[in-house]
Amino acid sequence: MKSPGLLSLIITTLFAGLIVFTGAAAPSEPGDFTSDQFSKSGICSNCHGSSFGEWDGSMHSNADSDFFYQATLQEYGVAAEAQGLSPDFCSRCHTPIGVVSAEIPPLDGSHLSEVSKEGVQCDFCHSVAESEGIGNAPFVLEPGDVKWGNRPDTESASHETEAHEFYNESAYCGMCHNIYHPVNNLTLGATYTEWEESPYAEEGVNCQACHMTPGIIGFEENPGKAASTGPEREHVYTHHFVGANAFVTDVMGENRHEKRAIEYLQHAAELEVNAPDSTGPGESVEVEIKITNVGAGHKIPTGVTEDREMWLELTVNDSEGRELYHSGALDSAGKIDSGATIYHTVFADSGGKPTVKLWEAESILSDNRIGPKGSVVEKHSFVMPENASNPISTKAVLHYRSAPQEHIDKLFGEGAYNVPVIDMATYPEEEKTSTPGFGITGAIIALSLRITLRRRKK
Ligand code: HEC
Ligand code: HEC
Ligand code: HEC
Ligand code: HEC
Ligand code: HEC
């Protein structure tokens with residue numbers, strides 16, 4: 001009679017052992033912590049002033065305060081309540097501390113503590129002990145004395161450190177940089193997967209190499225100190241986390257990050273143009289433009305791209321400066337000419353209609369983005385007018401905009417914000433105003449002059 005009890009005890013013990021052994025922990029849940037278990041970033045800044053200065057003003061530091069995110073979140077809140085969707089879905093990536101300390105919902109942020117409002121911040125990122133996979137933020141947190149990182153030889157009087165190779169892997173970023181629909185599992189954004197399937201993954205060039213070092217298109221050493229009280233190091237990882245956001249950074253006055261975003265965009269693509277320089281009247285002129293993604297370790301554009309716009313503007317003039325052909329121009333309302341190809345993802349709702357509301361997405365209507373080291377060729381043609389004079393000249397510009405002007409006007413009211421148009425690449429190539437790497441103020445100032453801010457005529 002005793003043995004079944006003993007057997008079940010042994011089995012239970014074995015199971016418990018197995019669970020401990022495999023280290024299977026569930027992702028941190030709302031209510032697992034209180035926000036006062038996390039330190040505000042200003043505390044870390046006492047010894048990690050450089051990391052703080054780099055992170056401060058980044059889209060990670062503004063992940064919750066981002067007004068564009070907030071407006072979309074409020075729309076989601078209404079839909080979530082009506083359809084019974086998870087109220088904390090968005091916030092898990094945009095204010096992770098707010099979620100695990102059950103300060104969200106309400107989605108209006110009225111319960112958020114100061115540390116939760118810091119978005120994706122120091123102590124959150126350095127308390128991730130483990131991840132349960134890729135996408136939708138499956139982090140396992142252990143806030144407290146131990147700050148996790150990737151250096152096996154650190155010593156700090158202020159906190160313990162623990163080295164975890166994971167911090168130097170793209171999978172770390174992949175926790176949040178792959179986004180799946182909370183109900184139907186549709187892929188809404190997959191920067192991690194785009195990278196994983198690219199030549200960069202094979203070459204061992206991870207997210208950190210391009211986004212946490214001065215090198216934009218690969219690893220670049222950054223000698224210095226990781227802590228003011230620590231030793232000199234051959235390389236210290238940087239924390240700018242810059243990508244392509246020159247809109248929200250501009251409006252929020254984060255000018256250092258805005259300038260870097262422009263520089264990132266200007267390292268991502270190259271144009272090659274095949275066009276005749278003279279032709280006879282009445283003849284058809286063919287222009288081919290090849291766009292190559294030379295610098296991004298993922299597609300361009302990447303992330304949730306239903307709102308992002310990348311497109312080519314092509315102008316052909318005759319020798320007298322008369323315009324023979326023009327495609328990809330903006331109209332007076334800031335709308336892109338309907339003849340141009342816009343590179344991004346278009347989602348469809350349950351009725352098959354295009355939607356920019358992520359939570360309504362049920363399928364992908366189209367996705368024409370350009371893969372890492374991949375290219376596309378655009379073909380344009382027109383007929384040479386009788387009165388045109390040779391030679392003819394061709395100009396091509398690859399533009400990027402964070403969101404359609406229309407969508408921003410709808411969210412915030414007409415005239416509230418001008419979404420800047422960034423020139424990613426031009427043909428013929430403009431004089432090089434930049435050298436790779438940061439720190440050359442002159443180059444950065446010169447670059448900022450190249451932003452094309454389209455004033456809208458009322
Ligand atoms: C009193 C000074 C001090 C404060 C405050 C401090 N640290 Fe540190 N920290 C250090 C020193 C010193 C090192 C070791 C640097 C080295 O070895 O190069 C270090 C190392 C680290 C590392 C590197 C670990 C690794 O393996 O790469 C991380 C991550 C870290 N700190 C995070 C934090 C965070 C997050 C905060 C705020 C919650 C913080 N620190 C506050 C002094 C401090
Ligand atoms: C998005 C998550 C994230 C945020 C936010 C973040 N870090 Fe880090 N940090 C990392 C990762 C990942 C590494 C390791 C990079 C590697 O080894 O490839 C790192 C490395 C470090 C290091 C060691 C640098 C070195 O090379 O020795 C320190 C110190 C540090 N972080 C402190 C901070 C402080 C202070 C803040 C806030 C101002 C902060 N981190 C914000 C993810 C983050
Ligand atoms: C907790 C989730 C989370 C983790 C982990 C995370 N990110 Fe992010 N990241 C975000 C969110 C949310 C945003 C967008 C905030 C916004 O635009 O409102 C973002 C934005 C960015 C941007 C875009 C900035 C721009 O200018 O467009 C870059 C680049 C970036 N992250 C890189 C990284 C890298 C590299 C890592 C890994 C070291 C990482 N992130 C880890 C959540 C995360
Ligand atoms: C070879 C360098 C390189 C690698 C590797 C790389 N990136 Fe990027 N990333 C760029 C460049 C250049 C841009 C700017 C052009 C663009 O938007 O794609 C960028 C842009 C971004 C953006 C901004 C997108 C937007 O529209 O706001 C995010 C987010 C981002 N990267 C995250 C990541 C993550 C996460 C990884 C790893 C899975 C990664 N990157 C790997 C170079 C790289
Ligand atoms: C799994 C993590 C994750 C979830 C969940 C998530 N986001 Fe994000 N969000 C990001 C990252 C990473 C970026 C920046 C890179 C990019 O453009 O995709 C971002 C960018 C955005 C942007 C663009 C901000 C800008 O300044 O350009 C908006 C708006 C946004 N998210 C709204 C939402 C809303 C609303 C939800 C919920 C329906 C949501 N997000 C859910 C990770 C997430």
Side-chain angles (χ1 to χ4, degrees), residues 41-45 47-56 58-77 79-80 85 88-96 118-126 128 131 135-139 147-151 154 156 161 164-182 188-189 191 206-213 222 224-227 230 233 235-249 257-258 260-261 264 301-305 307-308 357-359 402-403:
S41 302
I43 291 174
C44 319
S45 146
C47 305
H48 300 295
S50 313
S51 312
F52 178 86
E54 293 153 2
W55 164 85
D56 190 28
S58 70
M59 288 314 297
H60 279 162
S61 75
N62 285 314
D64 179 64
S65 50
D66 176 350
F67 63 91
F68 183 17
Y69 161 68
Q70 280 297 337
T72 322
L73 176 71
Q74 299 318 318
E75 289 188 328
Y76 174 74
L85 301 172
D88 59 13
F89 170 65
C90 313
S91 315
R92 197 169 168 92
C93 294
H94 286 264
T95 167
E118 288 183 348
V120 182
Q121 54 94 272
C122 313
D123 211 13
F124 160 76
C125 273
H126 288 289
V128 177
S131 161
N136 289 10
F139 47 74
K147 305 301 167 210
W148 305 73
N150 176 45
R151 226 182 240 300
T154 50
S156 160
T161 56
H164 197 336
E165 187 53 35
F166 170 57
Y167 276 76
N168 188 232
E169 291 167 1
S170 289
Y172 179 92
C173 317
M175 290 190 289
C176 302
H177 285 271
N178 259 22
I179 311 175
Y180 305 102
H181 191 284
L188 302 172
T191 304
N206 59 16
C207 318
Q208 289 87 337
C210 297
H211 291 285
M212 295 189 73
T213 82
N222 176 48
K225 284 182 169 194
R233 299 285 190 181
H235 173 71
V236 178
Y237 281 90
T238 55
H239 283 72
H240 298 98
F241 302 111
V242 161
N245 203 326
F247 166 46
V248 171
T249 48
H257 289 82
E258 175 200 353
R260 277 169 199 272
Y264 268 71
T302 190
V304 277
T305 61
D307 256 331
R308 311 298 191 207
K357 296 179 176 166
L358 290 178
W359 53 94
S402 290

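None of these values were measured; they are calculated from a predicted model. Indexing begins at 1, ligand by ligand and atom by atom, following the structure's order.
Distances from atom 8 (Fe) of ligand 2 show that H239 has an N/O/S atom below 2.8 Å. At a cut-off of 2.8 Å, H126 is counted among the residues with an N, O or S atom near atom 8 (Fe) of ligand 2.
Annotation for Q121 and S41: closest pair CB-OG, 3.5 Å, computed over non-hydrogen atoms.
Atom numbering of ligand 5 starts at 1 in the shown order; those under 4.0 Å from a heavy atom of N136 are 1 (C). Atoms of ligand 2 found under 4.0 Å from any heavy atom of Y167, numbered from 1 in the order shown, are 11 (C), 12 (C), 14 (C), 15 (C), 16 (C), 18 (O). Heavy-atom proximity to Q208, at under 4.0 Å, picks out these atoms of ligand 2: 18 (O). Within ligand 2, counting atoms from 1 as listed, the ones closer than 4.0 Å to a heavy atom of N150 are 17 (O). Set against the non-hydrogen atoms of M212, the atoms of ligand 2 under 4.0 Å away are 9 (N), 10 (C), 11 (C), 13 (C), 19 (C). Near C44, meaning under 4.0 Å from one of its heavy atoms, ligand 2 places the atoms 35 (C).
Atom 1 (C) of ligand 2 has as its closest protein heavy atom C125 SG, 2.7 Å. Closest to atom 18 (O) of ligand 2 among all protein heavy atoms lies N168 ND2, 2.5 Å. With respect to atom 23 (C) of ligand 5, the closest heavy atom belonging to the protein is R308 NH2, 3.7 Å. Among protein heavy atoms, atom 34 (C) of ligand 2 sits closest to C122 SG, 3.5 Å. Among protein heavy atoms, atom 26 (O) of ligand 2 sits closest to Y237 N, 2.9 Å. Summary of contacts: the protein heavy atom closest to atom 25 (C) of ligand 3 is G243 N, 3.3 Å. In this structure, the protein non-hydrogen atom closest to atom 27 (O) of ligand 2 is R151 NE, 2.6 Å.
Within the 4.0 Å cut-off (strictly below), a protein heavy atom is located near atom 36 (C) of ligand 5. Under the 4.0 angstrom criterion, atom 6 (C) of ligand 2 counts as having a protein heavy-atom contact. Under the 4.0 Å distance rule, the nearest protein heavy atom to atom 13 (C) of ligand 5 falls outside the cut-off. Within 4.0 Å of atom 16 (C) of ligand 5, at least one protein heavy atom is present.
Looking at ligand 3, you'll find an N or O of A244 within less than 3.5 Å of one of its N or O atoms. Inclusion of N245 in the set of residues having an N or O under 3.5 Å from an N or O of ligand 5 is warranted. Checked by distance only, ligand 3 and R92 stay at 3.5 Å or farther apart across all their nitrogen or oxygen atoms. An N or O contact shorter than 3.5 Å is missing between N178 and ligand 5 by distance.
Ring pair Y167/H126 is parallel by interplanar angle, where below 30° counts as parallel and above 60° as perpendicular. Aromatic ring orientation, W148 versus H164: tilted (interplanar angle from 30° to 60°). Note on ring orientation: taking the six-membered ring where Trp is involved, the planes of F89 and Y76 are tilted (angle from 30° to 60°). Between Y69 and H94, the ring-plane angle classifies as parallel under the 30° and 60° cut-offs.
Contacts between F89 and ligand 5 below 4.0 angstrom, taking non-hydrogen atoms only, involve backbone and side chain alike. Heavy atoms of T191 found under 4.0 angstrom from ligand 5: none, in either backbone or side chain. Only the side chain of Y172 comes within 4.0 Å of ligand 2, judged by heavy-atom distances.
A cation-pi geometry, defined here as NZ or CZ lying under 6.0 Å from the six-membered ring centre and within 45° of its normal, does not hold between R151 and Y237.
Legend: protein N/O/S atoms lying under 2.8 Å from atom 8 (Fe) of ligand 5, waters omitted, number 1.
Listed by chain and number, the protein atoms of type N/O/S under 2.8 Å from atom 8 (Fe) of ligand 3 are H60 NE2, H177 NE2; waters are omitted.
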